[in-house]
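Residue numbers count from 1 along this sequence.
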Amino acid sequence: QVQLVESGGGLVQAGDSLRLSCTASGRTFSSYHMGWFRQAPGKEREFVAAIAWNGFTTFYTDSVKGRFTISRDNAKNTVYLQMISLKPEDTAVYYCAARADRTVVPGRRAYHYDYWGQGTQVTVSS
């Protein structure tokens, strides 16, 4: 099965930057849409960003638009989430996800995704 491993989380101050990475196993990484979701304590898992299998299109939730950038390097089986101007409300566990069906646009709902990483904690202090 496909395995996803996130890294790059940590404790930062408001206004700082972080880059999250998600590395996937398997030879079919380049065929998957990839997404980032986050979940704060006591809250529902929330869509953050997604990138199409070929990297040509990206999608973002409004609260991170202009601050976060999703990208991928298929040669490294890795998807990234570059985060700048971090705010305390960005504090959450961030999850990487993969969607096998590339015939549709990347979804904004968690149930559209087939594989998930274990999550990496991002904490932003005020």
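For residues 80-89, no residue pair satisfies the side-chain hydrogen bond (donor to acceptor under 3.5 Å, both in side chains) rule, not counting sequence neighbours. Sorted by first and then second residue, the salt bridge (charged side-chain N to carboxylate O under 4.0 Å, His left out) pairs with a member in residues 108-126 form an empty list; sequence neighbours excluded.
Annotation: the span from F29 atom CZ to K76 atom NZ amounts to 12.0 Å, rounded to 0.5 Å.
If you chain together hydrophobic residues whose side chains sit under 4.5 Å apart, L81 and V64 fall into the same group. V48 and V93 are not part of a single hydrophobic cluster, where members link through side-chain heavy atoms under 4.5 Å apart. In this structure, V2 is a member of the same hydrophobic cluster as V79, with clusters built from ILVMFWY side-chain heavy atoms closer than 4.5 Å. M83 and V124 fall within the same hydrophobic cluster, where Ile, Leu, Val, Met, Phe, Trp and Tyr residues are linked whenever their side-chain heavy atoms come under 4.5 Å apart, directly or through other members. Placement of L86 and Y95 in two distinct hydrophobic clusters is found when ILVMFWY residues are connected by side-chain heavy-atom separations under 4.5 Å, directly or transitively.
Contact between Y113 and A50 at its shortest, heavy atoms only, is OH-CB, 3.7 Å.
Under a 4.5 Å side-chain heavy-atom criterion applied to ILVMFWY residues, the cluster that includes I84 comprises that residue alone.
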R72/N74 under side-chain contact (heavy atoms from CB on, under 4.5 Å): CA gap, chis, key distance, verdict: CA-CA 6 Å; R72 66 191 299 161; N74 286 349; 2.8 Å; yes
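The shortest side-chain heavy-atom distance between T91 and Q121 falls under the 4.5 Å cut-off.
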Would you list the atom pairs, donor with acceptor, under 3.5 Å between side chains in residues 7-25 and any protein atom, with sequence neighbours excluded?
{"unit_1": "D16", "atom_1": "OD2", "unit_2": "Q13", "atom_2": "N", "d": "3.1"}
{"unit_1": "T23", "atom_1": "OG1", "unit_2": "T78", "atom_2": "OG1", "d": "3.3"}
{"unit_1": "S25", "atom_1": "OG", "unit_2": "Q3", "atom_2": "N", "d": "2.9"}

What side-chain donor-acceptor pairs closer than 3.5 Å can you find for residues 30-42, not counting sequence neighbours?
{"unit_1": "Y32", "atom_1": "OH", "unit_2": "T28", "atom_2": "OG1", "d": "3.2"}
{"unit_1": "H33", "atom_1": "ND1", "unit_2": "W53", "atom_2": "N", "d": "3.0"}
{"unit_1": "H33", "atom_1": "NE2", "unit_2": "V104", "atom_2": "O", "d": "2.6"}
{"unit_1": "R38", "atom_1": "NE", "unit_2": "E46", "atom_2": "OE1", "d": "2.9"}
{"unit_1": "R38", "atom_1": "NH1", "unit_2": "D90", "atom_2": "OD1", "d": "3.0"}
{"unit_1": "R38", "atom_1": "NH1", "unit_2": "Y94", "atom_2": "OH", "d": "2.9"}
{"unit_1": "R38", "atom_1": "NH2", "unit_2": "S63", "atom_2": "OG", "d": "3.3"}
{"unit_1": "Q39", "atom_1": "OE1", "unit_2": "R45", "atom_2": "NE", "d": "3.4"}
{"unit_1": "Q39", "atom_1": "OE1", "unit_2": "R45", "atom_2": "NH2", "d": "3.4"}
{"unit_1": "Q39", "atom_1": "NE2", "unit_2": "K43", "atom_2": "O", "d": "3.0"}

Table please: side-chain donor-acceptor pairs of residues 55-62 below 3.5 Å, with sequence neighbours left out.
{"unit_1": "Y60", "atom_1": "OH", "unit_2": "I70", "atom_2": "N", "d": "2.9"}
{"unit_1": "D62", "atom_1": "OD1", "unit_2": "K65", "atom_2": "NZ", "d": "3.3"}

